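Along the sequence shown, the residues carry numbers beginning at 1. This structure is a prediction, so every number in the text was calculated from the model and none was measured.
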Amino acid sequence: MSCVACANNIESAIRTVPGVTVASVNFGAEQATVTYDSQRADLEAIQHAVSEAGYAAFSLQETAMATGEDDAATATQLAESQSLIRKVWVGGSISAVLLLGSLPMMTGLSLPFIPTWLHNFWLQAMLTAPVQFWCGGSFYINGWKALKRHTATMDTLIALGTSAAYFYSLFATVNPDFFTAQGLMPSVYYETAAIVVTLILLGRLFEHRARGQTSDAIRKLIGLQAKDARIIRDGQEMAVSIADVQLNDVVVVRPGEKIPVDGEIIEGISTIDESMVSGESVAVKKQAGDEVIGATINQTGSFKLRATRVGRDTFLAQIVRLVQQAQGSKAPIQRLADQVTGWFVPAVIAIAIATFIIWFTVVGNITLALITMVEVLIIACPCALGLATPTSVMVATGKGAEHGILIKGAESLELAHQLQTIVLDKTGTLTQGQPTVTDFITTVGNAPENELKLLQLAASVERNSEHPLAEAVVRYAQSQEVTLIDVQDFEAIAGSGVQGRVSNTVIHIGTQRWLQELGIDTQALQQDRERLESSGKTAILIAIDGAQGLMGIADALKPSSAQAVRALQRLGLEVVMLTGDNRQTAEAIAREVGIDRVFAEVRPDQKVAQIDKLQAEGKIVAMVGDGINDAPALAQAQVGIALGTGTDVAIAASDITLIAGDLQGIVTAIQLSRATMRNIRQNLFFAFIYNAAGIPIAAGILYPVFGWLLSPIFAGAAMALSSLSVVTNALRLRHFHPKPLT
């Protein structure tokens, strides 16, 4: 693709395929994202439609992750780059000779060091031909493809502009009498056509390389993948390629080596550097039963792991796909540029024709009319507009991945800078998510056997629940060496508690509100409950024919929670805590981290309503959570932010995932979004101003007053530099560093 008009043409072509519902082509990322009915369309049909439009399409290859080999698209890009280099060398060499031959005419001076035969128009015509039709052949080919679809692209403008200069010169060479009969000196512009073609190709080469740097994040991520692994098969240890590792293979990892695939340690202890996925520099201790991530670095010990995910299913491969998906998406701000470029090329052609007619009619100078028309065609550049947004998004999403932030789409990245309210779930988000029983109070007397019996019943019921508080109860019972028993008729009531039956005994464990709704008297434990909740602990009641026990459970705050909340508030954001805990406990935690607004005693099915309530206040809301019960609220918020330490359901429902689970990532994501939007606005400003000023100057608006007329050579150079300047500005985002929490 040579410009955004090409992307629009491809979008139109893909949409003609039966079964395709959505097609979005990102010029900057050179990717198409297509939604289609697999019963009516397939990848081959979509690729065929792209081919019919005059372009080539390749599916994103997963083999690069598995084998490290280049895919077809990469090979094509390399061939394109090499072709551009050859054409620039040929065009540059011939242009230099033509420029020497034209110097006497351009300067009006006699230059004895230049051979007179270089001034020959026929020689210049023959020298220019390979530059015009071989070096610039792609302009004609792509322009013709667009014409067949009744559209025009940037290549159309370049082909028209350089052809006008070349064929006007050829006419003056073949029929000079036409000009002399009108009292005009026949002039040729062969060097103009050749130099403009060469400059535009040189600009595309630089742009091609610069745009390649926007995908550095993908290449770096793929480069993290280990190339081989040592596995044990049939009792023998052997070295194999990473592509040959299979599920459930036993892999041996030694100190200092990259972990080849995702797996579970089955033997050994070590510390793992997981900074490449989490952004955390502190190594993590791992032992048997712990999961490890492929491409992280084993530091101290040797261990064996059982492969649980290989190839395209590894955590690293999933990150690569998410970054590719984000880089290929379109931000809402890009719609303006797309609308402009939709009519840009036809408008430029109309302006160029009008320029020729006006100058020829008013002044009667065909040379002046031709030059201004060529300048308009050549200087106009929708490429800068098309690159302004996607290049910044590509760099930003890659930079986010480096900091452990996975952004699923450009829209999420853009929305993040507009956020007004951040809603934080308490358990697992503000807190560690590893609650611990700190108090166990009963009304069954002081006999240890009675307390242990009550604990046994409670823990046996809680064992059937996945809730973090339930896990805390089970761990406490195990620490007291209590044997758990089977439970019948287990039921979990979301946001309230659990119940089950052992023999003929029915046990209810949960909130005071729920037990009171069931008609259970909780008065005997009222004072103890209030005392625990006022100290920031979660109190759960145990009822067997009345409330008989109370557990105080504390979940320690994450070290960075208070700092992150302060940092978000300094960014001008309202921070809200959302929790199913009782209000007293919730407000105690909120005070500790500095949050003023709290939604407490909110059941999972009510979380969406709370987000909707904030949105009804006219606020743009982000929801941050980690649990299954957070998924609907994550989807309801304008931006859903999930912690990578949470559940797969929460991550799937979110727009941004923080791999490390640290709240610093929220601050970093917002800072990155704001930096990206500033960068995009700068790019759009430069692109709009360039065209707004460049086209009138090229049309000769300054000529009547100042006698200034832009040379087509400078117009070509300006066009080449416009896109390059936008890409270069976008690359500044590679130096983004988040401000530390203070």
Are any side-chain N or O atoms of Tyr55 and backbone N or O atoms of Ala7, one a donor and one an acceptor, separated by less than 3.5 Å? no
Okay, side chain of Gln420, backbone of Ile620: is any donor-acceptor separation there less than 3.5 Å? yes
Main-chain N/O of Ala79 paired with Ser83 side-chain donor or acceptor, under 3.5 Å: no
Value rounded to 0.5 Å, distance of CG in Leu663 from CG in Leu568: 8.0 Å
Would Lys613 and Glu617 count as a salt bridge (charged side-chain N to carboxylate O under 4.0 Å, His left out) here? Give the steps. CA-CA 7 Å; Lys613 177 182 176 181; Glu617 296 174 9; 5.6 Å; no
How far does CG of Leu571 sit from CG of Leu419, to the nearest 0.5 angstrom? 10.5 Å
Under 3.5 Å donor-acceptor, Asp262 side chain and Ile293 backbone: no
So, does Thr314 use its side chain to make a donor-acceptor pair with the main chain of Val310 at under 3.5 Å? no
Check for a donor-acceptor pair, side chain of Gln671 on one end and backbone N or O of Lys739 on the other, with a separation under 3.5 Å. yes
For the residue pair Ile641 and Leu658, establish whether any side-chain heavy-atom pair is separated by less than 4.5 Å. yes
Is it true that a side-chain atom of Thr21 and a backbone atom of Thr35 form a donor plus acceptor pair closer than 3.5 Å? yes
Between Gln636 and Gln615, does any side-chain donor sit less than 3.5 Å from a side-chain acceptor? yes
Going by atom types only, do Ser392 and Asn679 share a side-chain donor-acceptor pair under 3.5 Å? yes
With a 3.5 Å distance limit and no angle check, can you tell me whether Lys399 reaches the backbone of Arg734 through a side-chain donor-acceptor pair? yes
So do the side chains of Phe139 and Val197 get within less than 4.5 Å of each other, counting heavy atoms only? yes
Is a side-chain donor or acceptor of Lys145 paired with a backbone partner of Gly54 at a separation under 3.5 angstrom? yes
Using only atom types and a distance under 3.5 Å, with no angle test, would you say the side chain of Asp655 pairs donor to acceptor with the backbone of Gly640? yes
Heavy-atom distance under 4.5 Å between the side chains of Val261 and Arg309, does that happen here? no
Go through the side-chain N and O atoms of Thr668 and Gln664 and say whether any donor and acceptor fall under 3.5 Å apart. yes
d(Gln610 CD, Asp612 CG) to nearest 0.5 Å is 9.5 Å
Arg732-Gln682 side chain donor-acceptor pair, cut-off 3.5 Å: yes
Roughly how far, to the nearest 0.5 Å, is the CE atom of Met394 from the CG atom of Leu733? 12.5 Å
Looking at CG of Leu573 and NZ of Lys619, how far apart are the two atoms once the value is rounded to the nearest 0.5 Å? 11.0 Å
